[in-house]
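Quick note on labels: first sequence line is chain A, next is B, and so on, each numbered from 1.
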Amino acid sequence: MAVSNSEIAAVFERIADLLEIQGDNPFRIRAYRNAARTVQGLSRSLADMVAKDEALEELPTIGKDLAAKIREIVKTGSLRKLSQLESSVSPGMVNLLKVPGLGPKRLRKLRDYLNVHDLDTLEKAARQGRLRQVPGFGAKTEKNILRELQDLQLRTRRFLWAEVEDLAEQLVAYLRRQPGVKQVEMAGSYRRRRETVGDLDILVSASRGSGIMDAFIGFAAVERVISRGSTRSTVVLRTGLQVDLRVVPQVSFGAAWHYFTGSKAHNIAVRVMGIQRGWKVNEYGIFDKEGQRIAGRTEKEIYSLMGMEWIPPELREKRGELEAAAEGRLPRLIVEEDLRGDLHCHTTRSDGQDSLEAMARAARDLGHDYLAITEHSQHLRVAGGLTADELLAHCDAIDALNERMKGIRLLKGLEVDILEDGSLDMPDQVLQRLDICLGAIHSGFSLAADQQTERVIRAMDHPAFNVLAHPTARLMGRRAACALDMERIMDAALERGCYLELNAQPRRLDLNDVYCRMAKERGLKVALSTDAHSTGQLSYQRYGVAQARRGWLEKKDVLNTADLKHLLRALRR
DNA sequence: GCCGTTTTCGGCCCGACTGTTTTCAGTCG
């Protein structure tokens with residue numbers, strides 16, 4: 001299959017790493033990193049654009065040279081420039097860049113003085129006390145590096161957003177209770193609602209001498225302190241999660257909140273806009289030529305001075321949000337209240353933990369108008385998949401419950417396995433009885449991309465098929481996404497009147513943000529579903545909504561914002 | 001390597017903290 005955008009982005013990142021080790025021009029290195037980010041966030045396939053001979057140079061951060069490199073990668077599957085670089089740098093050096101505190105300059109020094117060229121030689125040199133002999137290094141640096149080497153596995157791990165949610169809320173509540181504290185807010189990728197976070201960024205304004213830093217460092221879950229200053233401190237919690245705290249004056253709070261929310265690329269772009277207007281932008285505000293602060297108290301001030309609407313944090317990835325804000329065409333992002341029901345859940349009849357009735361009541365309590373009951377099919381034996389007869393009996397049970405229960409409509413559904421040949425794991429006449437049919441891949445994850453794509457499209461050919469559940473089948477941190485030609489699948493879904501799911505399970509969040517936007521741009525609606533396996537998980541909609549917002553989705557882009565009547569109509573192909 | 005409402009050359013975001021220096025380089029976010 002054609003080279004994916006992610007692969008092209010990885011090539012550029014790799015080149016940037018290697019150039020960095022070589023001590024190349026930092027701006028060239030940044031150009032490669034910027035390009036990698038652009039490529040990663042694109043909602044069209046570059047291979048496709050190359051095939052159609054479109055002008056890649058018109059993409060931001062892609063100039064003549066990088067456009068040629070993209071074409072080379074697409075056409076030959078490799079890049080000569082990368083091969084050349086790989087052969088001139090020891091392969092272990094790139095790993096060394098991941099050690100916190102080690103940048104390209106120190107790295108080169110260690111290589112030149114001690115012949116350090118990978119993690120092993122670094123550790124050996126540090127243990128033997130040889131690092132401290134290198135100019136610019138001392139005993140403390142040596143000790144820190146040894147410690148970082150030990151923690152490397154832990155520190156390079158990213159956490160699921162939902163994994164840190166409780167802790168983040170506790171920490172914010174704890175800080176808000178401290179005397180003299182005026183405002184405490186989460187920033188960083190946590191606030192932007194990225195599906196995973198590498199650390200937490202917290203912003204505080206407090207009166208002078210409030211002792212907020214001591215309080216922060218004294219938080220019960222803190223394991224060690226990395227740095228401690230008067231305005232900024234960094235700690236590591238027992239879970240390995242790093243937390244940064246910044247203290248700023250209230251007049252700067254908006255500027256600081258904006259700055260520490262990021263993303264980095266978004267911030268740099270805003271600063272450049274400031275420079276073009278003759279201002280200086282930093283975390284303390286926007287300053288004119290005389291050094292007078294002309295904005296800073298709120299984020300809205302910052303954006304409005306730049307001639308823009310306030311941009312929701314989920315959009316701040318430098319993927320066109322600044323242009324949209326300047327032109328007043330930011331999307332009106334979906335909110336949880338827009339959802340009218342849930343289209344994917346399980347009960348004890350397959351692998352759920354709660355009964356049909358309990359799930360129905362819980363959904364009604366959440367204000368849902370409808371809930372689709374979608375057990376597994378028999379091919380998925382480990383999850384208690386249903387045979388045809390069992391499904392028919394379950395449909396009867398759902399009908400019966402619908403008779404007696406008011407305030408919510410249960411939809412008869414199924415999460416049917418898409419078998420390796422693209423057929424569905426349930427007889428046609430049984431599928432006909434359903435209100436909604438989700439198809440999902442639960443086996444054969446590693447098929448080649450064109451085979452996998454054909455398999456899915458063949459499944460969608462079935463007239464009963466409505467929604468492709470968790471399309472790539474990824475489990476973050478556990479299983480990679482299936483190789484799929486998502487553009488073809490989306491086009492096929494549109495032609496057939498099918499939909500793709502955004503599965504709200506925190507480890508899935510599948511579709512991801514880029515694919516959500518790709519769907520929106522094609523006019524393909526997304527089904528936002530929890531795949532709840534218990535009553536408590538019905539509230540996972542909030543995770544799905546966050547992902548949808550990152551994908552620029554509005555109410556109209558999501559299938560289950562429709563009322564029951566329109567939903568049922570949309571499910572008739 | 002990219003980019004242009006000062007510019008097709010000469011810029012490229014900006015500040016905090018640490019550790020090693022003895023006024024600052026390196027790293028990080």
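- The same atom, C1', is picked in B/dC13 and in B/dG29; the two are 12 Å apart, to the nearest Å.
- Near DNA chain B, defined here as any heavy-atom distance below 4.0 Å, the residues from residues 128-152 of chain A are A/Gly136, A/Phe137, A/Gly138, A/Ala139, A/Lys140, A/Thr141, A/Asn144, listed numerically.
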Could you go through the salt bridge (charged side-chain N to carboxylate O under 4.0 Å, His left out) check for A/Arg108 and A/Asp112 one step at a time?
CA-CA 6 Å; A/Arg108 280 203 304 285; A/Asp112 296 344; 5.9 Å; no
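- Straight-line distance from the CZ atom of A/Arg28 to the P atom of B/dG10: 17 Å, rounded to whole Å.
- For the C1' atoms, the distance from B/dC17 to B/dG10 is 31 Å, rounded to whole Å.
- In this structure, A/Val270 reaches neither bases nor backbone, as no heavy-atom distance under 4.0 Å exists between it and the strands shown.
- Under the 6.0 Å distance and 45° angle rule, A/Arg193 counts as a cation-pi partner of A/Trp161.
- Protein atom CD of A/Gln276 is 13 Å distant from nucleotide atom P of B/dC12, rounded to whole Å.
- Summarising the base pairing, B/dG11 is matched to B/dC2 through a Watson-Crick or G-U wobble pair whose two defining distances lie under 3.5 Å.
- Distances shown here put every side-chain N or O of A/Asn267 at or beyond 4.0 Å from the OP1 or OP2 atom of B/dC13.
- For the pair A/Arg542 and A/Tyr540, the cation does not sit on the ring face, since its NZ or CZ is not both under 6.0 Å from the ring centre and inside 45° of the axis.
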Anything under 3.5 Å between a donor and an acceptor, one on a side chain of residues 292-300 of chain A, the other on a protein residue two or more places apart or in another chain? List them.
from	atom 1	to	atom 2	distance (Å)
A/Arg293	NH1	A/Ser252	OG	3.0
A/Arg293	NH1	A/Tyr284	O	2.5
A/Thr298	OG1	A/Glu301	N	3.1
A/Glu299	OE1	A/Arg191	NH2	3.0
A/Glu299	OE1	A/Trp310	NE1	2.8
A/Glu299	OE1	A/Arg316	NH2	2.9
A/Glu299	OE2	A/Arg191	NH1	2.8
A/Glu299	OE2	A/His258	N	3.4
A/Glu299	OE2	A/Arg316	NH1	3.0

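- In this structure, the CG atom of A/Asp24 is 10 Å from the C1' atom of B/dG1, given to the nearest Å.
- For A/Glu314 and A/Arg192, the salt-bridge test fails: no basic side-chain N is under 4.0 Å from an acidic carboxylate O.
- The side chain of A/Lys69 contributes an N or O atom lying less than 4.0 Å from OP1 or OP2 of B/dG1.
- In this structure, a donor-acceptor pair under 3.5 Å is absent between the side chains of A/Gln183 and A/Ser205.
- Following rounding to the nearest Å, A/Ile62 (CD1) and B/dC3 (P) show an atom-to-atom distance of 8 Å.
- In the set B/dT18, B/dG1, B/dC14, the nucleotide with an atom closest to the side chain of A/Asn282 is B/dC14.
- Across the interface with DNA chain B, nearest-nucleotide mapping of A/Asn25 and A/Tyr284 shows A/Asn25 to be the residue nearer the 5′ end.
- For the residue pair A/Thr196/A/Arg158, the side-chain donor-acceptor check at 3.5 Å is satisfied.
- In this structure, A/Trp279 places its CH2 atom 16 Å from P of B/dT5, rounding to the nearest Å.
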The contact string for nucleotides 24-29 of chain B, one letter per nucleotide 5' to 3', using protein heavy atoms under 4.0 Å with B, S and - for base, sugar-phosphate only and none, comes out as --SSSB
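- In this entry the distance linking CD of A/Glu58 with P of B/dC3 reads 11 Å, nearest Å.
- DNA chain B is contacted by both A/Gly229 and A/Pro60; A/Pro60 maps to the nucleotide lying nearer its 5′ end (nearest heavy atom per residue).
- Whole-Å rounding puts the A/Ile275 CD1 to B/dG15 C1' distance at 14 Å.
- Nucleotides B/dT6 and B/dC12 place their P atoms 16 Å apart, quoted to the nearest Å.
- Nucleic acid contact class of A/Ser230 (heavy atoms, under 4.0 Å, all strands): sugar-phosphate only.
- Straight-line distance from the CZ atom of A/Phe12 to the P atom of B/dG1: 10 Å, rounded to whole Å.
- Across the P atoms, B/dT20 and B/dA16 are found 22 Å apart, a figure rounded to whole Å.
- In this structure, A/Arg33 contributes its side chain and A/Ile29 its backbone to no donor-acceptor pair below 3.5 Å.
- At B/dC17, one or more side-chain N or O atoms of A/Thr231 fall inside 4.0 Å of OP1 or OP2 (strictly under the cut-off).
- If you check B/dC12, B/dC2, B/dG15 against the side chain of A/Asp65, the one that comes closest is B/dC2.
- Going from the P atom of B/dT8 to that of B/dG4 covers 13 Å, rounded to whole Å.
- No donor-acceptor contact under 3.5 angstrom links the side chains of A/Thr141 and A/Asn144, judged on distance only.
- Between A/Asp510 and A/Arg474 there is no salt bridge, since no side-chain N of the basic residue sits under 4.0 Å from a carboxylate O of the acidic one.
- The side chain to side chain donor-acceptor pair (under 3.5 Å) test with A/His266 is passed by exactly one of A/Glu321, A/Arg271, A/Glu317, A/Lys318: A/Glu321.
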